[in-house]
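Worksheet: the structure to be examined is printed underneath.
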Number of protein chains: 2
Amino acid sequence: MRVGGARRVDAPTAAAPRHRSRGRVAYTPQSLLAVAVEAFNQRGYDGTSMEDLAHATGITKSSIYHHVRSKEELLRLAVSRALDRLFAMLEQPPACTGRAVDRLEHVVRSSVQVLVDELPYVTLLLRVRGNTDAERWALQRRREFDRQVSAIVRRAVEEGDLRDDVDPRLTTRLLFGMINSVVEWYEPSRTGSATDLADAVMRLAFDGLRRRDTPGMTAELRGQSRSPGGRLVPDEGNGAG
Amino acid sequence: MRVGGARRVDAPTAAAPRHRSRGRVAYTPQSLLAVAVEAFNQRGYDGTSMEDLAHATGITKSSIYHHVRSKEELLRLAVSRALDRLFAMLEQPPACTGRAVDRLEHVVRSSVQVLVDELPYVTLLLRVRGNTDAERWALQRRREFDRQVSAIVRRAVEEGDLRDDVDPRLTTRLLFGMINSVVEWYEPSRTGSATDLADAVMRLAFDGLRRRDTPGMTAELRGQSRSPGGRLVPDEGNGAG
DNA sequence: AGTACACGACCGAACGTTCGGACGGGCAGG
DNA sequence: CCTGCCCGTCCGAACGTTCGGTCGTGTACT
């Protein structure tokens with residue numbers, strides 16, 4: 001049971017179109033990957049056949065194998081791209097120097113940014129279940145990422161900036177559960193910018209959604225900088241898929 | 001590429017074992033479903049073959065078709081179970097009468113409870129992508145659930161109990177992103193009770209994780225009852241899958 | 001001529017599903 | 001008590017289809 005797919009939606013756009021043949025711009029591994037990941041996210045990796053990819057790309061199954069070694073390689077390339085961005089972010093100075101609570105804020109904001117920048121790739125990463133070698137390797141790296149963030153949260157508690165009545169690991173999981181859920185509904189056209197979204201996440205995660213008796217207090221409560229308030233653009237999108 | 005599955009783990013336990021034959025307790029649709037959903041969650045629905053289910057149940061492929069009409073029926077039964085519990089919760093008096101902020105608290109706590117009670121079924125529900133009719137129907141009902149919760153959040157903002165600088169829809173999505181992430185790592189044996197977990201979710205969502213200058217203040221800030229604090233049991237589990 | 005890209009035909013394996021039949025506990029007639 | 005049938009349960013062997021992947025060839029550009 002396949003859901004209909006448009007044939008030859010559009011030619012490879014990104015990543016320096018290489019040679020050309022029969023008037024069509026040739027695929028690069030990257031431009032092919034972009035189409036494939038889109039399909040994987042729509043129907044699921046296992047639910048997407050190479051035939052489906054052929055329809056989505058406008059070339060035949062066999063032609064796809066000219067660019068990539070296997071279906072699994074497409075998956076590996078995709079999750080690598082997401083993971084590389086996430087780990088690169090962890091190694092930036094603001095994420096590993098300074099007060100832990102500030103490092104955490106940077107990690108949260110940057111994670112949202114990466115999620116939005118690399119939406120399809122991160123989406124695919126978050127749905128990996130461990131069926132193949134590539135998937136198990138991705139899961140391992142995700143756990144490593146989780147561990148590093150947990151360490152920052154733990155440190156921020158020790159430094160007295162975060163409340164001490166929550167378990168760091170649990171907090172990290174809930175926090176990133178919130179952040180990661182973005183892939184379920186974010187649409188670049190309808191939703192606000194990544195920065196606005198990151199603001200909303202920070203507000204909810206750090207200050208909670210309960211209204212304080214003295215409005216505006218939370219902003220000056222500590223020296224922390226809050227971006228100038230302002231609600232995000234409301235949208236009438238699909239809430240679940 | 002299949003991940004190994006134990007053969008005939010245990011006979012049908014729940015739901016009144018029916019007749020017996022060949023010394024084995026016979027499967028009921030429910031007990032079969034339990035095994036199938038477990039497999040679906042491990043390998044994904046599309047990634048699980050009927051052969052896999054045969055191994056997991058200890059009976060043959062063809063025998064499975066004695067109990068259910070098709071593979072998709074197993075999926076439909078599973079997601080229905082989860083959705084029915086969620087909607088039943090929304091219709092309980094505490095979820096539809098009284099102050100909106102209190103209703104929201106009930107919805108959040110009950111959702112965590114349902115998630116934990118029906119963990120495998122909700123897990124499967126949350127991974128549905130819309131490939132089949134059953135999946136599309138599930139997505140529709142999820143959206144309806146989301147809409148109803150959003151309405152409560154909006155109302156709570158209007159009643160002045162929640163801060164008004166966040167979009168209700170966005171907040172609902174982030175909130176349930178946090179709650180739903182529970183299915184990614186919750187393990188009944190290792191993690192605390194559902195109530196403890198719900199407490200942690202409520203604390204994080206309503207009061208945020210930033211430490212206040214006057215500790216304990218948030219508890220008395222409003223008349224809201226907070227359960228006696230206390231951190232959740234830390235655990236060393238898998239962080240991603 | 002050489003290279004890059006794409007094609008249609010094809011492969012063995014695995015897929016979900018069907019089918020006729022076999023096993024064996026429960027129950028009616030003796 | 002025993003006998004014999006019934007039916008719920010399960011099985012092995014196939015069905016037609018689709019899977020991921022291969023192969024030899026054609027063609028356009030350098």
Side-chain angles (χ1 to χ4, degrees), chain A residues 1-3 5 7-8 11-12 15-32 35-36 39-40 43-77 131-135, chain B residues 1-3 5 7-8 11-12 15-33 35-36 39-40 43-76 131-135:
Chain A
M1 175 163 301
R2 287 286 97 79
V3 55
R7 186 174 250 280
R8 162 113 336 234
R18 276 204 284 230
H19 294 156
R20 57 183 58 240
S21 160
R22 253 193 287 279
R24 279 216 294 252
V25 177
Y27 275 105
T28 66
Q30 275 304 310
S31 66
L32 178 66
V35 179
F40 289 160
R43 311 191 236 286
Y45 175 75
D46 285 311
T48 306
S49 68
M50 294 303 283
E51 194 73 41
D52 289 333
L53 291 187
H55 276 107
T57 54
I59 61 179
T60 59
K61 267 199 305 175
S62 40
S63 299
I64 295 177
Y65 284 92
H66 177 74
H67 302 281
V68 293
R69 242 186 297 275
S70 66
K71 188 187 178 188
E72 191 175 351
E73 173 161 299
L74 285 168
L75 181 62
R76 192 170 52 248
L77 287 171
N131 282 355
T132 67
D133 286 336
E135 296 187 40
Chain B
M1 172 163 302
R2 286 284 99 78
V3 55
R7 184 173 252 277
R8 169 136 298 260
R18 279 204 283 229
H19 292 159
R20 56 181 59 240
S21 166
R22 260 188 286 276
R24 279 217 291 255
V25 177
Y27 274 105
T28 66
Q30 274 304 310
S31 66
L32 179 67
L33 181 63
V35 178
F40 289 160
R43 311 193 235 285
Y45 174 74
D46 286 313
T48 305
S49 68
M50 293 303 281
E51 193 73 42
D52 289 333
L53 292 189
H55 276 108
T57 53
I59 61 178
T60 60
K61 273 198 296 180
S62 41
S63 299
I64 295 176
Y65 284 93
H66 177 75
H67 302 282
V68 292
R69 242 186 297 275
S70 66
K71 189 186 178 188
E72 191 176 350
E73 173 161 299
L74 284 168
L75 181 62
R76 193 169 52 248
N131 282 354
T132 66
D133 286 335
E135 297 188 40

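Protein chains get the first letters and strands the later ones, always in sequence-line order, with residue 1 at the start of each.
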Got a second to check how far B/L33's CG is from B/F40's CZ, nearest 0.5 Å?
8.5 Å
Of D/dC11, C/dT17, D/dG21, the nucleotide closest to the side chain of A/Y65 is D/dG21
Listed nucleotide nearest any side-chain atom of B/Y27, set D/dC10, C/dC7, C/dC19
D/dC10
Below the 4.0 Å mark, does D/dC11 have OP1 or OP2 next to a side-chain nitrogen or oxygen of B/S63?
yes
B/I64 has an atom CD1; how far is it from atom P of D/dC11, in whole Å?
9 Å
So how far is it from B/L75 CG to B/N131 CG, rounded to the nearest 0.5 Å?
10.0 Å
Would you kindly give the CG-to-C1' distance between B/L74 and C/dT17, to the nearest whole Å?
13 Å
Round to a whole Å and report the spacing from NZ of A/K71 to P of C/dA14.
15 Å
Find the distance B/M50:CE to D/dC19:P and express it as a whole number of Å.
18 Å
To the nearest 0.5 angstrom, please state how far the CD atom of A/E72 sits from the CD atom of A/E135.
7.5 Å
Rounded to whole Å, how long is the line connecting atom NE2 of B/H55 with atom P of C/dG16?
14 Å
Quickly work out the A/L53 CG to C/dA6 P distance and round it to whole Å.
14 Å
Looking at D/dG12, does its base get a donor-acceptor pair with the side chain of B/S62 below 3.5 Å?
yes
Does a side-chain N or O of A/T60 approach OP1 or OP2 of C/dC7 to a distance below 4.0 Å, or not?
yes
Whole-Å distance, A/D52 CG to D/dG21 P, equals 14 Å
Does a distance-only test, which skips hydrogens and angles, find a donor-acceptor pair under 3.5 Å between the side chain of A/S70 and the base of D/dG21?
no
How long is the span from the NZ atom in B/K71 to the CG atom in B/L53, to the nearest 0.5 Å?
7.5 Å
Rounded distance in Å - CD (B/E51) to C1' (C/dC15):
10 Å
Please report the interatomic distance OG(B/S70) to CZ(B/R76), rounded to the nearest 0.5 Å.
6.0 Å
What's the closest nucleotide to the B/H66 side chain, out of D/dG8, C/dC7, D/dG21?
D/dG8
From C/dG16, D/dC19, D/dG21, nucleotide with atom closest to A/K61 side chain:
D/dG21
